[in-house]
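This chain uses plain numbering: 1 for the first residue, then up along the sequence.
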Amino acid sequence: MSTTKPAEAAGESLVHEVLQRLVLPSDADYDTLPLYAEKGEIRPRPETDPMDDVEVDGRDQVHPDQVTGRHSITVPAGDRVSFATYFNAFPASYWHRWSRVNNVRLSVQIEGTGDVLVYRSNSRGDQQRVDKRRVEGSGTVEFDLPLGNFGDGGWYWFDVVAGMAPVNVENAEWTAEVPPYERGMISVGITTFNRPEYCVDVLRTLASDEQALSRIETIFVVDQGTKLVEDEPGFEEIAQKLGQHLFIVRQPNLGGSGGFSRSMYEATYGTASEYVLLLDDDVLVEPEGILRAVTFADLARQRIIVGGHMLNMHVRSMIHAWGERVNKYRFFWGPAPHTR
């Protein structure tokens with residue numbers, strides 16, 4: 001829930017804010033790599049419903065060995081890598097609709113000789129090329145991109161095409177200049193019931209990302225089980241890393257809603273956090289998503305609830321639920337319209 005207000009004052013200069021960074025999986029897993037980068041050009045399938053999947057014009061996936069860091073990847077000679085992906089496309093229409101941001105700047109740092117191509121889509125899924133820049137040797141290319149033409153939906157993304165030698169993408173950022181504002185902190189609430197090993201894995205992921213921790217005030221673990229998280233091997237080491245960020249709450253099993261309600265209560269009355277993020281105990285967390293959600297909430301024009309998506313735990317690069325709603329007569333949840 002966004003509650004911060006921009007600290008605008010006459011004569012104050014704008015601040016440079018990172019909205020989204022290029023991110024790659026820390027373990028470069030074959031199953032999740034398509035969520036971050038794809039080989040070839042991403043384009044809609046011709047003569048199909050725009051809600052259908054996209055296809056990749058390329059025979060192979062990006063190989064895990066191409067990933068050289070959390071924010072860097074190698075494009076082999078003559079190859080093309082597209083970032084029209086779940087974690088690396090920029091949701092331009094959402095930023096246009098809900099935030100105070102009117103323009104974004106894409107900065108791509110390249111080592112090698114190749115081309116950087118910027119694309120956009122619309123609400124029908126049509127792909128349009130916006131710009132192209134050539135990089136000779138190494139350097140950073142920048143694209144200033146408006147958001148005003150995304151009133152009906154659409155995304156920005158970029159592709160990198162290598163020349164006769166490999167190209168290293170060292171970093172990429174989507175940034176904006178905004179009026180000065182107070183950055184909000186977030187509390188994370190994790191409800192767990194007799195799955196301490198999964199919960200410890202979530203805590204380990206959060207503890208490993210210093211930038212995400214810089215925006216997290218408290219991590220509440222609401223333990224409703226009899227197999228306690230505190231007794232799980234490896235917990236003590238992670239607890240030491242998290243230090244004052246971690247707070248364990250013991251209570252009877254009140255279900256997921258009872259656990260999440262306790263997290264919201266604790267964050268409301270026990271912290272100065274502006275936001276609360278609710279997580280299951282068995283999720284695979286992408287810490288970059290926390291940074292993006294907090295930044296988006298900070299820059300929202302009004303108080304909002306930022307919903308998350310659910311990926312399929314068995315087919316990890318497939319969306320299981322894009323959005324949900326509650327049937328007000330049966331009081332039972334299900335997929336939102338047009339999201340299957």
Side-chain angles (χ1 to χ4, degrees), residues 1-8 12-24 35-37 69-73 82-110 116 118-121 130-131 133 140-151 153-160 169-186 209-216 274-275 277 285-309:
M1 188 76 74
S2 176
T3 59
T4 53
K5 301 293 184 183
E8 300 180 33
E12 281 192 315
S13 60
L14 300 177
V15 296
H16 193 73
E17 186 65 70
V18 177
L19 309 181
Q20 180 172 311
R21 301 175 299 170
L22 172 70
V23 63
L24 282 306
L35 295 170
Y36 297 84
R70 274 290 274 164
H71 308 287
S72 59
I73 188 171
S82 177
F83 299 100
T85 56
Y86 183 83
F87 281 117
N88 283 315
F90 182 79
S93 61
Y94 286 88
W95 278 95
H96 170 68
R97 171 65 179 84
W98 298 106
S99 80
R100 303 191 297 271
V101 176
N102 297 314
N103 301 278
V104 295
R105 172 173 292 178
L106 169 64
S107 302
V108 185
Q109 183 180 345
I110 297 288
V116 180
V118 177
Y119 290 88
R120 61 154 293 171
S121 63
V130 176
D131 206 347
R133 301 281 174 80
T140 299
V141 291
E142 295 182 339
F143 304 86
D144 289 314
L145 305 167
L147 299 183
N149 53 357
F150 283 92
W155 300 68
Y156 276 128
W157 69 89
F158 70 97
D159 292 2
V160 175
V169 182
E170 300 293 336
N171 190 33
E173 293 181 338
W174 302 84
T175 62
E177 290 188 334
V178 297
Y181 67 95
E182 297 178 7
R183 288 173 171 81
M185 296 293 285
I186 192 170
D209 196 293
E210 293 184 3
Q211 286 193 299
L213 278 180
S214 70
R215 302 300 300 273
I216 296 175
E274 298 286 348
Y275 318 112
L277 173 67
V285 179
E286 172 49 77
E288 176 71 13
I290 298 175
L291 291 171
R292 295 178 186 180
V294 175
T295 303
F296 183 77
D298 276 345
L299 296 174
R301 290 198 300 266
Q302 64 190 55
R303 296 181 178 183
I304 59 172
I305 295 175
V306 180
H309 302 148

Practice problem: Looking only at non-hydrogen atoms, find the nearest pair between Glu17 and Thr295 and report the distance. | Solution: CG-CG2, 4.1 Å

Quiz item: Rounded to the nearest 0.5 Å, how far apart are OG of Ser214 and CG of Leu291?
Solution: 6.5 Å

Exercise. Using side-chain contact (heavy atoms from CB on, under 4.5 Å) as the criterion, list what pairs up with Asp131, not counting sequence neighbours.
Key: Arg133, Phe143

Quiz prompt | Straight-line distance of Leu299 CG to Tyr181 OH, nearest 0.5 Å | solution = 4.5 Å

Exercise. Enter the distance from Leu24:CG to Asn88:CG here, rounded to the nearest 0.5 Å.
Key: 6.5 Å

Quiz item: For Ala89, what residues pass the side-chain contact (heavy atoms from CB on, under 4.5 Å) criterion, not counting sequence neighbours?
Solution: Trp155, Trp157

Quiz item: Of all heavy-atom pairs between Ala176 and Val101, which one has the smallest distance, and what is that distance?
Solution: CB-CG1, 3.7 Å

Exercise. Sequence neighbours left out, what passes ring-ring contact (aromatic ring centres under 6.0 Å, His included) with Tyr94? Give chain and number order.
Key: none

Self-check item: CD-CD1 distance between Gln211 and Ile290, expressed to the nearest 0.5 angstrom
Solution: 12.0 Å

Quiz item: How about Glu286 and Tyr36: does a side-chain donor come under 3.5 Å of a side-chain acceptor?
Solution: yes

Quiz prompt | Derivation and outcome, side-chain contact (heavy atoms from CB on, under 4.5 Å), residues Val108 and Leu22 | solution = CA-CA 9 Å; Val108 185; Leu22 172 70; over 6 Å; no

Practice problem: Side-chain contact test, heavy atoms from C-beta onward, threshold under 4.5 Å: evaluate it for Leu145 versus Leu106 and give yes or no. | Solution: yes

Exercise. Please name all residues satisfying side chain to side chain donor-acceptor pair (under 3.5 Å) with Glu170, sequence neighbours left out, ordered by chain then number.
Key: none

Exercise. State which residue, out of Arg183, Arg215, Arg100, fulfils the salt bridge (Lys or Arg N to Asp or Glu O under 4.0 Å) condition with Asp298.
Key: Arg215

Practice problem: To the nearest 0.5 Å, tell me how far Tyr275 OH sits from Ile186 CD1. | Solution: 8.5 Å

Quiz item: Where do Val23 and Arg292 come nearest, in terms of heavy atoms and distance?
Solution: CG1-NH2, 3.5 Å

Quiz item: Asp209 versus Arg70: any side-chain heavy-atom pair under 4.5 Å?
Solution: yes

Exercise. Would you mind reporting whether Trp98 and Val306 have side-chain heavy atoms less than 4.5 Å apart?
Key: no

Quiz item: For Ala92, which residues count as a side-chain contact (heavy atoms from CB on, under 4.5 Å) partner, sequence neighbours excluded?
Solution: Phe90, Leu147, Phe150, Tyr156

Exercise. Apply side-chain contact (heavy atoms from CB on, under 4.5 Å) to Phe296 and Ile304, showing your working.
Key: CA-CA 10 Å; Phe296 183 77; Ile304 59 172; 3.5 Å; yes

Self-check item: Between CG on residue Leu19 and CH2 on residue Trp174, distance to nearest 0.5 Å
Solution: 10.0 Å

Quiz item: Is any side-chain heavy atom of Val104 less than 4.5 Å from a side-chain heavy atom of Gln20?
Solution: no

Quiz prompt | Those residues that, when tested against Thr175, pass side-chain contact (heavy atoms from CB on, under 4.5 Å) (two or more places apart) | solution = His16, Val18, Arg105, Glu173

Quiz item: Of the non-hydrogen atoms in Leu14 and Pro179, which two are nearest, and what is the gap between them?
Solution: CD2-N, 3.6 Å

Exercise. Return the minimal non-hydrogen interatomic distance between Ser93 and Gly153, and the atom names on each side.
Key: CB-CA, 3.4 Å

Practice problem: Could you pull out the closest heavy-atom pair between Thr140 and Ser107, with the gap in Å? | Solution: CG2-CB, 4.2 Å

Quiz item: So, do Asn171 and Ser72 sit near enough that their side-chain heavy atoms are less than 4.5 Å apart?
Solution: no

Practice problem: Go through Ile110 and Val169 one step at a time and tell me if the side-chain contact (heavy atoms from CB on, under 4.5 Å) criterion holds. | Solution: CA-CA 5 Å; Ile110 297 288; Val169 182; 3.8 Å; yes

Exercise. Step by step, work out the side-chain contact (heavy atoms from CB on, under 4.5 Å) result for Val141 and Phe158.
Key: CA-CA 12 Å; Val141 291; Phe158 70 97; over 6 Å; no

